[in-house]
Amino acid sequence: MLFEHCAKIPGSISGGAKDEVPPHFVYSIPPNKSINFKAKRIDITFDEYLQLKDVNNQFYSSPPITKKPEILLYSKTVRVTLKEPLLSDITYSFDFGPSITDLNEGNIATGFLYAFSTGDHIDSLTFTGRVLNAFDLKTTGKDDKVATWVMLYDDLSDSAVYKQTPTYIARADQLGFFTFSHIRPDTFRIFALRDMGGNLKFDMPAERIAFSDTLIVTDQRYYYSPEMPLFTSRNTPDSIKEKNPDLLHTDILLYQFEEKPTKQYRMAYERKVSNMLRFVYSMPVDSMEINIMDYEAAGKWYDLETSVNNDTLDYWLTDTALVNRPALLVHLYSPRTDSLNHLIFTDDTLKMAFEAPKQPAKSRRERKEEEGKPKPRTALQTMTVTTNVKGGGTMELTDRMQLISSQPIEATDPSKIILQEQVDTLKKPVAFTFTRDSVNARKAYIDWKLKEDTKYFLTIDSMSFLSIYNVFNDSTGISFTSQKEDYYSILEITFDSIPCPLVVQALKGDKENVVKQITLNSGNVATIDYLKPDKYKVKIIFDRNGNGQWDTGDYLKKIQPEKVEYFFEPEVETHSSVTTELQWSLTTKKVEDEEEAEDEEEAEDENEPDNGDQPSEKGESTSP
């Protein structure tokens, strides 16, 4: 006979209400907040059995330590064994993040921090804040596996963020909140970094950063009595932070951004189709030489197509001998930035292979049926032309008719393109202008005076376009109807003041696609017309340089990213033939801008810190 037995785990609960109580700290050896600390091992005991989740990634020390300690679990006790000597007269904080949980339900020991001092006193100041994405005011969220660190430097030089280990660090949580605990009175530079390199240094061009225009001067105003605890990122559960973020104390807001590339390098290269080679660079490419190894060109063997910014280069192969090769060895003489920040040209050999997608196996019957039939044309033997307006669909009154070909265009014959409108039961020819795109070799435009609520017919004859492969396009035709004028809605936004030019945007979807935008340079009323009746987010960009777009920041030039703001209602609903009026007060924002300008002037004086033990005055912790 076989008997089944269930092993009983210590501390497990069978039945009853769900345990929602997190583990509570009981005692530690040495005691928490010890002074004159000399131990090499710390035992931290809680009131119930525990489990450690991802502790090696969640644990950190502030100030940072080079070698992470060994962290092991013994039922209710977490044992930390140090691997290196500690600095003298320094207060350390060990933050375990969400890694300490109870055994049964995974309740997190929120807010636990182990602190000690290698000197004769514990530093006791607290500094808090929040990091937001400068472009959309969002946070990194749960899915971002790269930590964003907020760092304080007592080295006030600009180069410290590139070269030095920070004095203190705090990790921003998924909502962007951070807390520095047990820091000393001093003057600091604050810097936030999405640390892709994992070394607490700003040394990768795509790392997102944030900084403050002014120095942070910590003094007794950042001391908070244990009898009057703060709501901070450390002691507030995520469920409360998500529902009530305004409850949390924040001394500073930091706006994170990615700088414009300043170093030229090749980001990617690919051959997704047999007849095109693509090269992607971090910055616009002014010149580059390309050759195919083991190939003697009898003439021009490619047609070049570039992106609008000239950072993506598509080489369309015109020689079918190259197209048919499964792999090409490509020699490039291309630009890159060297370690001295000089633009140089280097030689590279790249293997660029194309593997045709595998076709499903055919049965004997299918193969027999195909015998005697003409073989289907290859992609190189076929040229299709499509439009941005769907056949049988509706063309918006604000749209422009685009013709997109599957191959680069060598020549066109617009006389073979026919546009007609329906008048009663007749089709009437419509005059139009035909324009080739100045950048995209596969795109052209048709422009005419578009009438509302009118049915149109577009016919593209089979010899309208000739490709670089000497292939004519297949004939095609579509019918469509233009939108009614009274279908559209209007947004009219009245601002109480205009501190600078504003870019006003109507956005749709989680990715905030721009449906329409206008620039307001004068006056205080922004009108966004020809909007489909729908729900929109409304956003403004404080366009301080007046170029009609959002601009990122620059750390060394001390340029903050342009500020953005959203209308207080998450979505604004519009209706056909209705003007939706909004009132938007920017008075507070304008005052903040004026105060920030004053702070920047004051910062010039603060950049030379007092040599005494205690700074004489506290620098403003302004929102950058």
Side-chain angles (χ1 to χ4, degrees), residues 133-138 255 308 388-389 393-402 433 435 445-454 456 480-552 561-594:
N133 188 303
F135 179 71
D136 56 16
L137 304 185
K138 293 181 179 180
Y255 295 95
V308 174
N388 61 321
V389 178
T394 301
M395 183 172 180
E396 303 299 333
L397 298 182
T398 54
D399 282 351
R400 187 183 187 190
M401 178 64 75
Q402 300 177 18
T433 58
T435 310
Y445 304 94
I446 293 177
D447 296 292
W448 73 97
K449 188 174 182 180
L450 185 63
K451 299 177 182 178
E452 68 155 326
D453 195 21
T454 301
Y456 289 93
F480 57 92
T481 302
S482 58
Q483 189 57 268
K484 296 179 181 179
E485 183 84 30
D486 61 7
Y487 166 78
Y488 295 101
S489 62
I490 298 174
L491 263 180
E492 186 176 275
I493 307 164
T494 302
F495 299 96
D496 66 330
S497 60
I498 304 295
C500 65
L502 301 179
V503 176
V504 188
Q505 298 177 324
L507 311 174
K508 279 293 296 177
D510 293 336
K511 294 185 178 180
E512 299 190 352
N513 297 316
V514 179
V515 177
K516 193 169 184 182
Q517 72 175 38
I518 61 128
T519 300
L520 186 63
N521 292 306
S522 60
N524 66 333
V525 179
T527 301
I528 305 179
D529 53 13
Y530 287 98
L531 284 174
K532 294 180 181 180
D534 209 335
K535 294 180 180 179
Y536 298 95
K537 291 182 181 179
V538 185
K539 172 184 176 180
I540 58 173
I541 299 170
F542 291 82
D543 188 23
R544 61 189 177 215
N545 62 1
N547 65 351
Q549 63 183 18
W550 181 81
D551 289 290
T552 190
E562 289 182 330
K563 294 182 179 180
V564 304
E565 187 175 335
Y566 288 80
F567 191 63
F568 70 91
E569 294 181 17
E571 287 186 319
V572 175
E573 187 171 3
T574 67
H575 304 275
S576 292
S577 299
V578 174
T579 298
T580 302
E581 299 179 350
L582 306 178
Q583 302 291 324
W584 198 334
S585 174
L586 298 181
T587 303
T588 301
K589 181 65 68 173
K590 184 175 182 180
V591 169
E592 288 177 356
D593 287 342
E594 292 171 349

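Along the sequence shown, residues are numbered consecutively beginning with 1.
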Between L586 and L502, does a side chain to side chain contact (heavy atoms under 4.5 Å, CB included) hold up when you go through it step by step? CA-CA 11 Å; L586 298 181; L502 301 179; 3.8 Å; yes
Over all atoms of both residues, closest heavy-atom pair of M401 and W448: CB-CZ3, 3.8 Å
Side-chain touch D136/V564, heavy atoms, less than 4.5 angstrom: no
Does some side-chain heavy atom of R400 sit less than 4.5 Å from a side-chain heavy atom of D447? yes
So, taking the atom named CD in E581 and the one named OG1 in T494, what distance separates them when rounded to the nearest 0.5 Å? 6.5 Å
For Y456, is the NZ or CZ atom of K451 found under 6.0 angstrom from the centre of its six-membered ring and inside 45 degrees of the ring axis? no
Would you say T435's side chain and Y445's backbone share a donor-acceptor pair under 3.5 angstrom? no
Roughly how far, to the nearest 0.5 Å, is the CD1 atom of I493 from the CD1 atom of I528? 4.5 Å
Minimum-distance pair of heavy atoms, taken over all atoms of G548 and Q517: O-NE2, 3.4 Å
Over all atoms of both residues, closest heavy-atom pair of G523 and I498: O-CG1, 3.1 Å
Audit row: S585, D496, side chain to side chain donor-acceptor pair (under 3.5 Å) steps and yes/no: CA-CA 5 Å; S585 174; D496 66 330; 3.3 Å; yes
What distance do D453 atom CG and K484 atom NZ have between them, rounded to the nearest 0.5 Å? 5.0 Å
For the student: nearest non-hydrogen atoms of S576 and P533, plus distance: OG-CG, 3.3 Å
Regarding Y488 and E396, is there a side-chain donor-to-acceptor distance under 3.5 Å anywhere? yes
Should Y530 and Q483 count as side-chain neighbours, where that means a heavy-atom distance under 4.5 Å? no
L491 CG to K516 NZ distance, which is reported to the nearest 0.5 Å: 10.5 Å
Indicate the atoms forming the closest heavy-atom contact of D543 with C500, along with that distance. N-SG, 3.9 Å
Non-hydrogen side-chain atoms of F135 and K539 separated by less than 4.5 Å: yes
When you measure from the side chain of N524 to the backbone of F495, do you find a donor-acceptor pair of N or O atoms at a distance under 3.5 Å? yes
Check whether any side-chain heavy atom of T574 sits under 4.5 Å from a side-chain heavy atom of Y536, and report yes or no. yes
Working to the nearest 0.5 angstrom, can you tell me the gap between K508 NZ and L531 CG? 11.0 Å
Expected output: side-chain E452 to main-chain E485 donor-acceptor under 3.5 Å: yes
When E571, E573, E512 are each screened for salt bridge (Lys or Arg N to Asp or Glu O under 4.0 Å) with K537, the one that passes is E512
Rounded to the nearest 0.5 Å, the CD atom of Q505 sits from the CD1 atom of I541 at a distance of 4.0 Å
Worked check of side chain to side chain contact (heavy atoms under 4.5 Å, CB included) between N513 and V515: CA-CA 6 Å; N513 297 316; V515 177; 5.7 Å; no
Under 4.5 Å between any side-chain heavy atoms of I540 and F567, yes or no? no
Test item: side-chain donor near acceptor, D399 and N388, under 3.5 Å: no
Step-by-step side chain to side chain contact (heavy atoms under 4.5 Å, CB included) determination, V525 to E492: CA-CA 7 Å; V525 179; E492 186 176 275; 3.6 Å; yes
How about Y487 and T394: do any of their side-chain heavy atoms sit closer than 4.5 Å? no
Any side-chain heavy-atom pair of T527 and I490 under 4.5 Å: yes
